[in-house]
Amino acid sequence: MQEKEQGQLYLCATPIGNLEDITFRVLNTLKEVDLIAAEDTRHSIKLLNHFEIKTPMTSYHEYNKVEKAKYLVQRMQMGENIALVTDAGTPAISDPGEELVRQCHEAGVKVTSLPGACAAVTALTLSGLPTRRFCFEAFLPSDKKEKQEILEELKDETRTIILYEAPHRLKKTLQECLEVLGNRKMTLLRELTKKHETVFLTTIEDAIAKYEVEEPKGECVLVIEGMSRKEKKEKELESFREISVQEHYEGYLKQGMDSKAAMKQVAKDRNVGKREIYQILLQAKEEESVES
Ligand code: SAM
């Protein structure tokens with residue numbers, strides 16, 4: 001008997017607000033697959049009803065993602081085609097899709113992604129901030145220490161920063177961003193693709209002031225400008241100036257660099273010539289030998 005061919009997983013991007021933001025390919029796939037795995041079946045049924053799609057659904061969410069992924073992978077290995085949809089946007093971007101994709105790859109089950117709406121990209125394109133280089137942090141963690149660590153990492157980030165946030169945590173997050181990143185330009189984008197879409201070009205401080213007098217409403221994305229390269233260089237230079245040339249040089253030797261490379265690096269870090277560093281180190285050595 002001929003063995004049945006394996007099925008595959010289709011990651012299907014769904015609208016982030018406006019129902020017209022769905023592709024023909026996604027609609028056809030949702031109609032043709034054997035099963036739709038949905039983050040919240042009660043939410044996705046509205047989308048399926050709107051487009052008269054009758055394919056059966058099963059739930060796949062944060063709390064069953066590991067076990068349920070195993071079950072879904074087995075079904076695909078037995079020949080079924082499965083589509084994954086989440087509450088909004090592109091599956092696996094800040095939602096449980098990532099785990100299912102990982103397990104499919106591990107099991108040798110084919111995965112394909114049907115592109116469409118994604119809040120992060122939509123927000124970035126509308127932000128008016130540099131779009132060429134960006135980093136996406138999704139939601140900052142709720143654990144205070146972890147959140148602080150990530151913000152510290154973002155402090156020197158020169159790329160545009162994209163964050164997701166829920167309205168009830170927005171004020172706190174803005175305050176924490178201000179404390180660590182300092183005041184910066186930012187764009188706050190709410191209710192993207194919906195009737196009341198708003199694009200608020202502001203600064204972190206002004207956004208805080210705004211939400212002191214009104215309650216944040218609606219889903220939002222924060223796009224924050226990165227630190228300028230010039231400012232980063234100046235900050236680095238300042239931190240090197242806090243240590244002596246000798247300490248700086250010895251730090252590199254401890255990291256395993258040879259003397260020539262360490263001297264070259266110190267000169268580069270401090271934005272001075274190699275000869276100058278050589279003279280300072282030589283003088284320090286001479287002073288040391290006089291003292292001993
Ligand atoms: N997978 C989704 C995507 O591709 O964008 C993201 C899912 S994540 C669980 C939900 C977050 O995305 C929200 O809290 C909000 O930060 C952002 N988001 C989703 N839809 C949005 C919209 N219409 N306007 C603004 N932000 C939105």
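Every number for a ligand or one of its atoms is a count from 1 in the order of the listing.
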Which word best sums up how the rings of Tyr164 and Phe136 line up, parallel for under 30°, tilted for 30 to 60°, or perpendicular for over 60°?
perpendicular

Counting from 1, what ligand 1 atoms have a heavy atom of Glu165 closer than 4.0 Å?
14 (O), 16 (O)

Sub-4.5 Å side-chain heavy-atom contact between Asp269 and Tyr252
yes

Please say whether Thr193 places an N or O atom under 3.5 Å from an N or O atom belonging to ligand 1.
no

Validation row: Leu9, Met76 side chains within 4.5 angstrom (heavy atoms):
yes

Rounded to the nearest 0.5 Å, what separation is found between the OH atom of Tyr211 and the CG atom of Leu188?
4.5 Å

N/O to N/O below 3.5 Å, does that happen between Cys220 and ligand 1?
yes

Which residue supplies the protein heavy atom nearest to atom 23 (N) of ligand 1, what is that atom called, and how far is it?
Ile16 O, 2.8 Å

Among all protein non-hydrogen atoms, which one is nearest to atom 14 (O) of ligand 1, and what is the separation to 0.1 Å?
Phe139 CZ, 3.2 Å

With heavy atoms of Asp95 as the reference, note each atom of ligand 1 found under 4.0 Å away.
1 (N)

Identify the protein heavy atom lying closest to atom 3 (C) of ligand 1, giving its residue, its atom name and the separation to 0.1 Å.
Tyr164 OH, 3.5 Å

Mind checking whether Leu174 and Glu165 have side chains closer than 4.5 Å, heavy atoms only?
no

Nearest non-hydrogen protein atom to atom 2 (C) of ligand 1, with distance, is Ala88 O, 3.1 Å

For the residue pair Leu11 and Val101, establish whether any side-chain heavy-atom pair is separated by less than 4.5 Å.
yes

Specify side chain, backbone, both or neither for Leu192, according to which of its non-hydrogen atoms lie closer than 4.0 Å to ligand 1.
both

Let me confirm one number: the CD-OH distance from Glu32 to Tyr10, rounded to the nearest 0.5 Å.
8.0 Å

Counting only nitrogen or oxygen atoms and a 3.5 angstrom limit, does Leu189 reach ligand 1?
no

Give the residue and atom name of whichever protein heavy atom lies nearest to atom 1 (N) of ligand 1, and the separation in Å to one decimal.
Ile93 O, 2.8 Å

Any chance you could measure Leu163, atom CG, to Cys177, atom SG, to the nearest 0.5 Å?
5.5 Å

Considering non-hydrogen atoms of the protein only, which is the closest contact for atom 18 (N) of ligand 1, and what is the distance?
Ala119 CB, 3.5 Å

Does some side-chain heavy atom of Thr23 sit less than 4.5 Å from a side-chain heavy atom of Asn28?
no

Atoms of ligand 1 under 4.0 Å from any heavy atom of Ser94, numbered from 1 in the order shown, are 7 (C), 8 (S), 9 (C)

If you draw the axis of the six-membered ring of Phe200, does the NZ or CZ of Lys210 fall within 45° of it and under 6.0 Å from the ring centre?
yes

Mode of Glu191 contact toward ligand 1 - side chain, backbone, both, neither (heavy atoms, under 4.0 Å):
backbone

Please determine which of Leu281, Ile280, Leu282 meets the side chain to side chain contact (heavy atoms under 4.5 Å, CB included) test together with Tyr278.
Leu282

For ligand 1, which atoms sit closer than 4.0 Å to a heavy atom of Thr90?
1 (N), 3 (C), 4 (O)

Looking only at protein heavy atoms, which one is nearest to atom 25 (C) of ligand 1, and how far off is it?
Glu219 O, 3.3 Å

Short list, please: which atoms of ligand 1 are under 4.0 Å from a heavy atom of Gly89?
3 (C), 4 (O)

Nearest-contact summary for atom 26 (N) of ligand 1 - protein heavy atom, Å:
Val221 CG2, 3.4 Å

When rounded to the nearest 0.5 angstrom, what distance separates CZ in Arg169 from CD in Glu176?
9.0 Å

For Cys118, the atoms of ligand 1 under 4.0 Å from one of its heavy atoms are 4 (O), 5 (O)

Gly17 near ligand 1, heavy-atom distance under 4.0 Å?
no

